[in-house]
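Quick notes on the structure that follows.
All figures in this text were calculated on a predicted structure; none of them were measured in a lab. Naming convention: chains lettered A, B, ... in sequence-line order (proteins, then strands); numbering from 1 in each chain.
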2 protein chains.
Amino acid sequence: MPAKKETPPTKGEATRAMIEDAAIALFMEHGYHATSMRQIAERAELALGGIYNHFSSKEEIFEAIIVDKHPYQRVLPLILEAQGETAEDFLRSATQIAIAELKSQPYYLKLMLIEIAEFNGAHGAKMIKKVAPQILPVFEKAIKTRKELRTANPIILMRSFIGFVISYLMTEIVISNSMLKHISPKNSMEVYINIYLHGVLKSEN
Amino acid sequence: MPAKKETPPTKGEATRAMIEDAAIALFMEHGYHATSMRQIAERAELALGGIYNHFSSKEEIFEAIIVDKHPYQRVLPLILEAQGETAEDFLRSATQIAIAELKSQPYYLKLMLIEIAEFNGAHGAKMIKKVAPQILPVFEKAIKTRKELRTANPIILMRSFIGFVISYLMTEIVISNSMLKHISPKNSMEVYINIYLHGVLKSEN
DNA sequence: CCTACCGATCGGTAGG
DNA sequence: CCTACCGATCGGTAGG
């Protein structure tokens, strides 16, 4: 029997997906409060009132997006596939994969910033509750099988990993919009990843 | 003769400052688009129309704040004071100072998130143009006087430093709002800083 | 610096 | 799922 995800979407599910996709595009461009339900309706190709058959409010659309569309669903399989021999190989390819993926599909980073900027992180708990149980085991396994890691705490490793990826992407947004773009070295990403892997300091310990 | 900054503020300057402070508090709480000019006026204790004697639009208020109130003005002196013998001492105290300062005065991190989430970074260039020339020399000097650093490029060092501080603060917001708060170790910040200084890997090179 | 106002647009709903 | 509408509120301005 087919997996749940493979069942062909009903008409209602398709409309719901249209609304979510329209909302993502508009939230990315203008943020949450500057996006109107009328804009979402127009982009999703239905009348304003039609949205309310699928979501009871604008905020409900946002919340649905932030828990359903988390990129771990695409990123984790790629990371697990790459693996690599040493912890260095593994983390280098994992950071590269995550950065590349979030760079080519930047919508979720933007949604996270909107979540913090406009909602004070009100939906973060719900998102983490769904996502952390999927991600944490990857880092738990990494710690068990690789002895070369500085910390044995999977939460800290996960946090440092996600934080590093976010910091790279955010600083890149600011830099590419500024004069620093022209004086930044070409291999910034490589150097930046090396800093994450080995620290800013050359010395050991 | 007194320095420029010491001149007693005129009435107009005081009102302008009242408006900026009111706007900061409201932007922090609700973001930019969810904050109305009427709320700003009320909090600044003048009539709606009065704001337009000082700023010609709501966006002009935001832009003024983001270039004028950058925390480097408070953080840099503290960092320069701390210094420390080795590069490790220096960077450890610098990260601690920056995190402590931005944690106790979280408004600017929030403004930056709003800037990216709601304006697509439109004012970032203007901000960096003012701020980078002040900050970059600190990292240039750090590179010249400390040989133990992994990179000799001041832009990358500055970027990794600012990015690290931001990543710590942002992930902490998400964690402290979620169930992860209770299973995160107490000394997270120390471990997190060590990762920045020495990398996730124990090994040298 | 305030009062009183403008047109536009908002999120949401009733009723079919 | 749409049409037509609600009251509320928005950013901004004229005129003093």
Side-chain angles (χ1 to χ4, degrees), chain A residues 8-67 111 114-115 117-120 122-123, chain B residues 8-68 110-111 114-115 117-120 122-123:
Chain A
T10 66
K11 181 101 185 300
E13 279 163 357
T15 308
R16 195 184 151 97
M18 289 281 287
I19 296 170
E20 289 185 355
D21 290 344
I24 289 176
L26 290 162
F27 290 158
M28 270 198 66
E29 251 177 286
H30 309 115
Y32 175 80
H33 283 102
T35 296
S36 72
M37 292 296 265
R38 281 158 182 83
Q39 288 175 299
I40 296 174
E42 189 181 9
R43 191 131 177 174
E45 292 177 309
L46 37 44
L48 167 66
I51 294 183
Y52 292 90
N53 296 317
H54 300 271
F55 299 93
S56 66
S57 71
K58 187 178 163 188
E59 185 161 352
E60 204 176 80
I61 299 178
F62 186 79
E63 192 173 298
I65 289 171
I66 218 146
V67 308
L111 291 177
I114 293 171
E115 158 74 8
E118 302 193 62
F119 291 103
N120 278 313
H123 312 96
Chain B
T10 65
K11 182 99 185 302
E13 279 165 356
T15 308
R16 197 185 150 96
M18 289 281 288
I19 295 170
E20 288 185 355
D21 290 344
I24 289 176
L26 289 162
F27 290 158
M28 271 198 65
E29 251 178 285
H30 309 113
Y32 175 80
H33 283 102
T35 296
S36 72
M37 292 296 265
R38 281 156 182 85
Q39 288 175 300
I40 297 174
E42 189 181 10
R43 191 128 174 177
E45 292 176 309
L46 38 43
L48 167 66
I51 294 183
Y52 292 89
N53 297 317
H54 300 271
F55 300 93
S56 67
S57 72
K58 186 178 163 187
E59 186 161 352
E60 204 176 80
I61 300 178
F62 185 79
E63 192 173 297
I65 289 171
I66 219 146
V67 309
D68 291 346
K110 205 62 176 288
L111 290 178
I114 293 171
E115 157 74 8
E118 302 193 61
F119 291 102
N120 278 313
H123 312 95

For this session: For A:Glu63, check side-chain contact (heavy atoms from CB on, under 4.5 Å) against everything at least two apart and list the hits.
Result: A:His123, A:Lys126
Problem set entry | Residues that B:Lys58 engages under side chain to side chain donor-acceptor pair (under 3.5 Å), provided they are two or more places apart | none
For this session: With sequence neighbours excluded, tell me which residues meet side-chain contact (heavy atoms from CB on, under 4.5 Å) with A:Arg43.
Result: A:Ala22, A:Ala25, A:Leu26, A:Glu29
Problem set entry | Members of residues 55-63 of chain B that approach DNA chain D, where some heavy atom sits under 4.0 Å away | B:Ser57, B:Lys58
Problem set entry | Counterpart residues, side-chain contact (heavy atoms from CB on, under 4.5 Å), relative to A:Ala23 (two or more places apart) | A:Phe27, A:Ile40, A:Ile61, A:Ile65
For this session: With pairs defined as Watson-Crick or G-U wobble and both distances under 3.5 angstrom, please note down DNA chain D as a dot-bracket string, | for pairing with another strand.
Result: ||||||||||||||||
Seminar exercise, completed: 5'-most to 3'-most nt of DNA chain C touching chain B (<4.0 Å, heavy-atom partner on protein side) reads C:dC1 to C:dC5
Problem set entry | Counterpart residues, side chain to side chain donor-acceptor pair (under 3.5 Å), relative to A:Asn120 (two or more places apart) | B:Lys110
For this session: Go through the structure and list residues passing side chain to side chain donor-acceptor pair (under 3.5 Å) with B:Glu60, not counting sequence neighbours.
Result: B:Ser56
Exercise. Among residues 13-43 of chain B, which residues get a heavy atom nearer than 4.0 Å to DNA chain D?
Worked result: B:Thr35, B:Ser36, B:Met37, B:Arg38
For this session: Just jot down the side-chain contact (heavy atoms from CB on, under 4.5 Å) partners of A:Glu45, sequence neighbours excluded, or say none.
Result: A:Met18
For this session: Please examine the side chains of A:His33 and B:Tyr32, heavy atoms only from C-beta on, and report whether any two atoms are closer than 4.5 Å.
Result: no
Exercise. Distance from B:Leu46 atom CG to B:Tyr52 atom OH, nearest 0.5 Å?
Worked result: 12.0 Å
Problem set entry | Counterpart residues, side chain to side chain donor-acceptor pair (under 3.5 Å), relative to B:Asp21 (two or more places apart) | B:Lys69
Exercise. Do the side chains of B:Arg38 and B:Glu42 get nearer than 4.5 Å, heavy atoms only?
Worked result: no
Exercise. Closest heavy-atom contact between A:Phe55 and A:Ala64?
Worked result: CE2-CB, 3.9 Å
